[in-house]
Amino acid sequence: MTEAHTSPEQPSNIQQVLRKAQMQQLQLELEITFKRNMAAFQKIAPQIYSQYIDYQPQELKLTYTEEGYLNLVNFKLNNKPVYKGNPKEFCHEQFQHFKHHPTLSNIKFSKTKISNQDHIHPTVINRMVDFYTSLETEQDKNCNVPIGFMLVTGCGLGYHIAQMVHELDIHNLCIFDPHKDSFYASLHVIDWLPILQKMTSKGRMLKLFIGVEPKDAMADMKLLSDKIGLFNFVYTFVFRHFNSKKETEFYTLYRKEFHLAATGVGFYDDEQISLAHTIFNINQNYKFLIYSNLAINHVPVFLIGNGPSLDTHIGYIQKYQSNAIIITCGTALSSLAKTGIKPDFHIEMERSAITPSYIQHGTTAEYRKGITLICLNTAAPQMTALFDDICLAVKPNDLGSQLISQIYPDQTPAKLTLCNPTVTNAGLSAAITLGFRQLIFLGIDLGMPTDAEHHSSLSIYHDIDKKKETEKSQAENQETSSKNYDIEGNFGQTVKTNPVLHASKNNMEILLRQAQRQGINVSILNPNNGALIQETTSIQPCDLPVFYNLEQDKHLIIEKIRMQNMVRYDKKIITEDDFKAEYFNKIKKLKHQISLSPHIEDKKQLHNAMQTAFKAILNADPISKLLMRGTINSAFTLIMQTLLFSKNKSDFIVNYKKINAIYSQMLSQIFKKMEHKPLECDTTIDTEAVRLQDNTP
């Protein structure tokens with residue numbers, strides 16, 4: 001009998017053969033998965049397909065480990081693994097922990113000061129805020145609810161994404177991953193087809209930011225609330241898969257800026273006033289601002305806000321006022337009036353009748369003569385009555401602008417892009433529209449060294465504070481300070497800001513970047529002791545340029561601008577009867593579509609009802625849509641915030657009936673107003689400004 005002897009090398013060879021066969025089989029499976037995913041993306045998201053069909057990894061690649069699982073490694077760092085252990089197990093454990101301890105980001109509404117008892121929206125929203133506050137401590141935060149918005153940082157191999165889409169009721173999913181390589185790897189590893197099918201079905205959305213810079217992704221995300229409703233964002237579920245530098249940068253941006261989505265959503269009274277004021281201004285046949293065909297590079301422009309830094313620049317403005325175009329924004333006009341400096345153009349963007357009170361107090365009729373008022377189409381009659389030269393600029397995405405386009409279908413008045421949330425945004429947009437390319441920001445701070453410094457010492461706000469019989473209480477001061485937070489200052493220091501000023505700064509930066517992409521090169525010097533504004537050049541006040549005589553007489557330059565950029569259209573008269581005959585039935589039709597059923601019994605029904613109602617608003621005619629969208633956004637957000645985490649069904653039903661009663665009452669008031677007084681102009685007054693004007697104690 002012959003004995004067979006086995007050499008010690010044979011087991012190793014067999015293992016190598018088996019491993020090679022496994023790798024060949026795995027490679028085949030990966031290729032099949034990739035082709036199947038590519039076919040799905042080609043049909044559903046062709047932009048992803050075109051990016052990845054011939055893609056070659058730049059840094060990360062898939063590897064099959066000795067332990068028998070797939071991992072990502074960085075081939076530029078000696079194949080350093082991305083996951084320390086089994087990625088599938090890591091993703092599962094990470095997701096299970098998230099389900100039990102979800103990370104939530106919450107958009108909150110504060111109570112609004114009631115300036116006019118006739119305004120409907122603020123009173124109703126305050127009642128909803130009070131109702132939510134009374135129930136806040138009873139909420140049970142969990143993942144077993146309709147998830148309006150889920151934010152994931154890091155795609156990796158995607159196991160966690162497949163699991164969360166399968167197990168959670170996600171309606172809007174946003175995935176940010178700065179590494180295109182990891183998403184490419186996931187296309188070989190997980191089946192994206194069920195993810196795509198679910199997240200692109202009716203009422204759901206998938207947003208992929210792959211290989212995108214954090215600030216660009218953030219800018220895109222800010223636009224989503226108008227598309228899917230702010231109520232979907234009230235609680236954002238945040239899943240952080242990785243913590244790379246870019247992902248951390250994006251998450252930090254999100255934490256710092258996404259609350260700004262709640263600013264500037266608009267509301268019914270604002271839109272109704274916009275409608276009434278726009279029709280009033282059209283009936284007066286004021287001129288309209290049109291876009292400049294020529295860039296004005298040789299004329300410096302002082303764009304003036306009413307921030308604390310304005311005090312520092314008064315001497316500079318006085319010295320060079322004859323050699324520069326001066327544009328004041330809002331209450332900066334009253335501040336300059338105290339110094340004897342007279343601007344050439346004045347910008348107003350507010351529609352409230354309060355604002356004219358400030359201008360009337362701080363200036364005289366004689367001082368205002370010859371100043372061209374450039375105001376949005378929403379400006380109050382009380383404002384336009386103060387000036388002898390008026391030019392209307394169109395506010396984008398506004399009810400009044402829709403009306404203007406319908407009344408003057410063949411005309412193209414200028415729309416002041418990104419003219420909110422402060423009047424200095426409108427000022428910058430107007431200056432660029434007029435063709436000015438050489439600007440100096442003076443008193444445009446958008447941030448303060450301390451909580452106490454908010455406006456120039458010349459400002460009417462300081463006059464009002466002095467006139468008050470009692471100073472603010474300590475509690476009021478603390479409340480103001482609590483809304484402020486730190487951002488980077490213009491000269492490297494830290495300054496205080498708030499959501500409105502922060503949004504103003506961001507919108508300026510976006511506007512300037514948009515201008516650059518359109519080939520509009522605007523040079524801006526920023527010598528203010530406020531926030532750092534990207535796309536501007538920081539400069540110390542002592543280093544500001546010296547200006548000699550203009551090439552042309554300043555008066556001739558201004559007249560040329562008035563002739564070329566300000567046009568009077570054919571006179572139109574719109575009466576209340578005209579408006580109701582054209583629009584009221586369309587507006588009335590929307591009431592039924594946006595009312596919530598009294599019989600909703602759970603969170604899923606509520607979310608579906610809101611989705612349906614918000615879609616009805618988006619699909620409505622432009623006038624009805626803009627009239628109602630802001631208030632419905634706010635009301636739905638507060639209703640969802642109040643009810644999403646109700647502890648049980650009985651609590652949900654009881655509280656839903658209470659808050660829906662508030663909502664239903666609001667709708668009744670709105671539609672009654674539209675039936676009887678749709679073109680009623682604003683009558684709000686500021687009692688403190690009146691006291692200053694009358695010089696009463």
Side-chain angles (χ1 to χ4, degrees), residues 30 33 37 59-65 67-74 77 79-106 140-196 198-199 204 206-212 214 217 221 235-255 258 645:
L30 294 176
T33 299
N37 283 329
E59 190 175 24
L60 306 176
K61 67 178 182 179
L62 274 173
T63 189
Y64 185 53
T65 68
E67 295 80 9
Y69 55 77
L70 287 167
N71 201 348
L72 271 174
V73 297
N74 190 321
L77 297 176
N79 288 332
K80 180 182 178 181
V82 172
Y83 294 92
K84 292 183 179 179
N86 186 330
K88 199 168 189 177
E89 291 178 0
F90 171 80
C91 290
H92 177 76
E93 291 173 4
Q94 189 184 45
F95 179 64
Q96 292 303 317
H97 181 268
F98 179 84
K99 282 208 302 182
H100 291 97
H101 307 283
T103 300
L104 300 178
S105 180
N106 184 199
D140 175 26
K141 309 288 173 61
N142 63 84
C143 291
N144 301 318
V145 295
I147 296 176
F149 194 75
M150 182 97 175
L151 176 62
V152 177
T153 63
C155 175
L157 293 182
Y159 294 118
H160 56 299
I161 296 170
Q163 195 170 2
M164 68 176 58
V165 171
H166 176 68
E167 294 187 24
L168 303 180
D169 185 18
I170 304 171
H171 287 262
N172 299 281
L173 174 62
C174 174
I175 302 170
F176 173 84
D177 195 323
H179 306 289
K180 295 181 73 172
D181 292 355
S182 63
F183 184 75
Y184 178 67
S186 80
L187 292 170
H188 294 77
V189 176
I190 66 169
D191 186 359
W192 276 92
L193 182 58
I195 299 171
L196 292 174
K198 181 174 180 179
M199 295 312 305
R204 299 183 193 270
L206 175 64
K207 194 79 175 175
L208 298 173
F209 294 113
I210 309 299
V212 177
M221 275 184 62
Y235 288 106
T236 296
F237 288 68
V238 182
F239 187 99
R240 299 201 64 192
H241 185 53
F242 289 145
N243 294 292
S244 70
K245 183 179 178 180
K246 288 285 187 181
E247 285 161 289
T248 299
E249 181 183 345
F250 173 73
Y251 182 64
T252 301
L253 266 177
Y254 166 80
R255 291 293 299 252
F258 201 69
F645 295 117

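The CD1 atom of Ile161 sits 8.5 Å away from atom CG of Leu206, with the distance rounded to the nearest 0.5 Å. Atom CE of Met199 sits about 10.5 Å away from atom SG of Cys174, to the nearest 0.5 Å. Taking CZ of Phe645 as the reference point, atom CG of Leu104 lies at 5.0 Å (rounded to 0.5 Å). Note: Asn79 CG to Leu60 CG = 10.5 Å, rounded to the nearest 0.5 Å. In this structure, the separation between CE on Met164 and CD1 on Ile175 is 7.5 Å, given to the nearest 0.5 Å.
Between the side chain of Gln94 and the backbone N or O of Arg240 there is at least one donor-acceptor pair closer than 3.5 Å. Not a single donor-acceptor pair under 3.5 Å links the side chain of Asp191 to the backbone N or O of Ala162. Listed for the Asn142 side chain is a donor-acceptor partner under 3.5 Å among the backbone atoms of Asp140.
Residues Leu193 and Asn37 share a closest heavy-atom pair of N-OD1, 3.9 Å. Of all heavy-atom pairs between Ser186 and Cys155, the closest is OG-SG, 3.7 Å.
Side-chain atoms of Ile210 and Asp177, non-hydrogen and from C-beta on, do get closer than 4.5 Å to each other. Looking at heavy atoms from C-beta onward, Leu168 lies in side-chain contact with Phe95 at the 4.5 angstrom threshold. Looking at heavy atoms from C-beta onward, His171 lies in side-chain contact with Pro146 at the 4.5 angstrom threshold. The shortest distance between side-chain heavy atoms of Tyr235 and Lys141 falls below 4.5 Å. Between Asn86 and Glu67 the shortest side-chain heavy-atom distance does not fall below 4.5 Å.
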side-chain contact (heavy atoms from CB on, under 4.5 Å) evaluation trace for Leu173 with Phe239: CA-CA 11 Å; Leu173 174 62; Phe239 187 99; over 6 Å; no
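Heavy atoms from other residues, nucleotides or ligands lying under 6.0 Å from NZ of Lys80 number 12 at most.
Residues that satisfy the side chain to side chain contact (heavy atoms under 4.5 Å, CB included) test with Tyr83, not counting sequence neighbours, are Asn71, Pro87, Phe90, Cys91, Leu157, His241, Phe242. By the ring pair (Phe, Tyr, Trp, His ring centres under 6.0 Å) test, His188 is found to be paired with Phe34, Tyr184, residues two or more places apart in sequence or in another chain being considered. Evaluation of the side chain to side chain contact (heavy atoms under 4.5 Å, CB included) rule for Lys198 yields Val165, Arg204 as partners, not counting sequence neighbours. In this view, Asn172 and Phe149, Met205, Ile228, Asn232 satisfy the side chain to side chain contact (heavy atoms under 4.5 Å, CB included) rule, not counting sequence neighbours. Under the ring pair (Phe, Tyr, Trp, His ring centres under 6.0 Å) criterion, His101 pairs with His97, sequence neighbours left out. Judged as a ring pair (Phe, Tyr, Trp, His ring centres under 6.0 Å), and not counting sequence neighbours, Phe237 has no contacts. Shown here are the side chain to side chain donor-acceptor pair (under 3.5 Å) partners of His179, two or more places apart in sequence or in another chain: there are none. Judged as a ring pair (Phe, Tyr, Trp, His ring centres under 6.0 Å), and not counting sequence neighbours, Tyr251 has no contacts. With sequence neighbours left out, the side chain to side chain donor-acceptor pair (under 3.5 Å) criterion links Asp181 to Tyr55. A search for side chain to side chain donor-acceptor pair (under 3.5 Å) contacts involving Ser244 returns Glu247, not counting sequence neighbours. Under the side chain to side chain donor-acceptor pair (under 3.5 Å) criterion, Lys246 pairs with Glu213, not counting sequence neighbours.
Remark: aromatic rings of Tyr254 and Phe176 are distant, center separation not under 6.0 Å.
Residue pairs meeting the side chain to side chain donor-acceptor pair (under 3.5 Å) criterion with at least one member in residues 150-163, sequence neighbours excluded: His92-Gln163, Gln163-Glu167.
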